[in-house]
Number of protein chains: 2
Amino acid sequence: MHSKGQTGGPPSIVEVARAAGVSTATAGRVLGGYGQASAASRKKVEEAAQRLGYRPNGLARSLIQGSTETIGVIVTDVGNSFFAQAVRGIADVVRAGGFEILLANTDSDPEAEQRAIQVMWEKRVDGLIIAPEGPDSAGRLRTLVDGGLPVVLLDRPLPALPQVDQVLVNNTACARRAVDHLIRLGHRRIAVVSEASRDFSRLLDPSVDGDGERPSAARLAGYLSALQRAGIRPDPDLVVQAPYDRAAAERATARLLRRNPSVTALFCTDNILTSGALAAVQRSGRACPEEISLVGFDDQEWTTLVRPQLTVVRQPHRELGAAAAKQLLARVQAQREGGGPADDEAVHLRLQAKLVRRASTAPAPASGA
Amino acid sequence: MHSKGQTGGPPSIVEVARAAGVSTATAGRVLGGYGQASAASRKKVEEAAQRLGYRPNGLARSLIQGSTETIGVIVTDVGNSFFAQAVRGIADVVRAGGFEILLANTDSDPEAEQRAIQVMWEKRVDGLIIAPEGPDSAGRLRTLVDGGLPVVLLDRPLPALPQVDQVLVNNTACARRAVDHLIRLGHRRIAVVSEASRDFSRLLDPSVDGDGERPSAARLAGYLSALQRAGIRPDPDLVVQAPYDRAAAERATARLLRRNPSVTALFCTDNILTSGALAAVQRSGRACPEEISLVGFDDQEWTTLVRPQLTVVRQPHRELGAAAAKQLLARVQAQREGGGPADDEAVHLRLQAKLVRRASTAPAPASGA
DNA sequence: GTCCGTACTGAGAACCTTCTCACCCGTTAA
DNA sequence: TTAACGGGTGAGAAGGTTCTCAGTACGGAC
């Protein structure tokens, strides 16, 4: 509803200046709040701007200032509650710092990730938070990183890019603790529900640093490590490798339970897999926790609504996102003040996930011993 | 890693042109893919671009072309699974159309919303999908709408802006059906768990169009309408008005159950409230569904994991987002082709939520009759 | 030999803001 | 009286791209 200039679009600063009877420089000083301007011209310009419905064009401003006040966020799926919460955490921090969020999902598709990275780069985000799809993501990110763009890895490490900041969870340790909890309860035949991968044999090597792996592998490593420390030989048959999908996890877990009646405990490595595994246990007819114990991953609200209430590993989703955002903003700030790309050491943050003991874990049934 | 020009930043098209020994115009034609260029210069430019690590600057491009290929998405909280799914739906459609997403949360705070809208406007998004915070949002949006920016309302109507497209759910109808289901099962003392508002008495008026209201009020209207049609006088004591928060919903529902032992059924108007109410029922010691029936809202994955499995109203979250995005993109396209702001009639889309009958609803206990 | 169309090229304006620089003018210090 | 200074101002470049326009070279038609 603004009375338009000669172009059809919203009024620019030159039209405001013309209407106010001052130069564009003065109008810019008033509206951009950066130079000096007399009270008189200030008033004239502000009135004109008000009258025309002027809004500064952020594109032009960003172009000249070299910063967009926007950070890119690339996750696999915002629909997944884990990432939804993490993004929320990011949003809060970033917003407080005056930045906006450009969001993209990859569905773990390398091409989609490639495209997302490229778009972020072209749109000149001031920083990037990414949950990389896999090891190959390193190559896709290298150009950006070398170009000096602040990047923070979220939830997943990238050993090929050690100079990049990362915010992770102590996956291996908390998985180990969860399985350890089951072992202390007397369980020996403990199965794990995991996202499909080919890492099993490699992870058996105790010298492999589980926390250098992607979360699902890191948790699998923690599981294996706990068994080995307790002198229990890991049984490949007890490692459920399901596609990342609730229904698939349910089917895979059901098959496991059918084929391995000796299993008395189940450790799930992820929120999606937890719900699938629980569904399978419920349908199997085995009593939980009397006949089979279950440890879930991610303390979602519903884990206290099911019966028995679920023992889970609680990840601080939101804090994870918030920490990543804080780290990123710190880098962006440092870069602005310092000028060049900071050559500080990379910050590798590791938040603590905790085991929350509830009713779904109980001593192993005596008959099995 | 690119050999830089005289400025410190990433190489621009002029540096590529210089390196290739052609004019910026020709380099632009090759890299932007818009004009004609000989095979020879094409090759020279592409090699130079490759060598320097050139990436086009989207800001400059957007500035001159007048479009950012970005759409704004404003919701109250991406952390809420409803919006997380909706945003996912938006993202998929929008991405397929070659657009990106600028995301903002408002937490139902008018100021945050105002700020988000302003930022979207300044960043020159090509369109906006917003779940408005409340009736006052209309005023905040008016400038944008009048300025010709395509806007689609998500999940919440704005009667003051009838010319704006909206994508909603048939809240009143499906709530009515849910309560009707309870009535047919013989329930008479049916309580509703709702987000706090002052709408109760107004909604009693049958002439009020429930679907012009925000979802929580619309569902409350459906509840009241179902009761009235069945000749049951709505009892204000049975309307739980909780702050929008799971713990608060749980406390409020617990209080209701304590004070009104005659209540035999509960209708929840939202996913958060459903989980709170279920927790309250579980702690109350009343058997579900034998002593008390429960209808939840939103078919989250866990509603089949609890016992009894929940009867719920299933909303198509993702489709809601997808439909909004499709509508928005259509507007953006039309605007580009038609030139001016299209004066078509507003599209008011209403997706169908459905009642999914499961085990948490059963005939009312005989003793109560 | 002239004319025209086609394929290609480069100069330079445009998009909208920020920011440097030079300038004006009144005031104060020397 | 002059010099220095300060607030205030406008002209114009910069930022990186797209796009118009004029212009070159060349082939073929007359």
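Just so we're on the same page: letters track the sequence lines, and every chain starts at 1.
Taking atom CZ of A/Arg18 as the reference point, atom C1' of C/dT17 lies 15 Å away to the nearest angstrom. Protein atom NZ of A/Lys43 is 17 Å distant from nucleotide atom P of D/dG8, rounded to whole Å. Whole-Å rounding puts the B/Glu122 CD to C/dC16 P distance at 15 Å.
The pair B/Glu100-A/Lys123 does not count as a salt bridge, with every side-chain nitrogen at least 4.0 angstrom from each carboxylate oxygen. We find that B/Asp107 and A/Arg88 are joined by a salt bridge, their nearest charged nitrogen and carboxylate oxygen being less than 4.0 Å apart.
Between B/Gln36 and B/Arg124, the residue whose closest nucleotide on DNA chain C is further toward the 5' end is B/Gln36.
Taken over five-pair windows at either terminus, the axes of the helix from C/dG1-D/dC30 to C/dA30-D/dT1 are inclined to one another by 60° (rounded to 10 degrees).
For residues 56-70 of chain B, proximity to DNA chain C is found at B/Leu63, B/Ile64, defined as any non-hydrogen atom under 4.0 angstrom from a strand atom.
With B/Asp126 contributing its side chain and B/Thr68 its backbone, the two residues share a donor-acceptor pair below 3.5 Å.
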Might you list the N or O atoms of the protein lying below 3.5 Å from N or O atoms in nucleotides 10-12 of chain C, with each pair's distance?
residue: C/dG10; atom: OP2; partner: B/Ser23; partner atom: N; Å: 3.0
residue: C/dG10; atom: OP2; partner: B/Ser23; partner atom: OG; Å: 3.0
residue: C/dG10; atom: OP2; partner: B/Thr26; partner atom: OG1; Å: 2.8
residue: C/dG10; atom: N7; partner: B/Arg29; partner atom: NH2; Å: 2.7
residue: C/dG10; atom: O6; partner: B/Arg29; partner atom: NH1; Å: 3.2

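Contact annotation: the side chain of B/Val87 approaches that of A/Leu103 to within less than 4.5 Å [non-hydrogen atoms, C-beta and beyond].
A/Gln118 and A/Arg140 share no side-chain donor-acceptor pair at under 3.5 Å.
When the side-chain nitrogen and oxygen atoms of A/Ser38 are compared with OP1 and OP2 of D/dT9, one or more of them lie within a distance under 4.0 Å.
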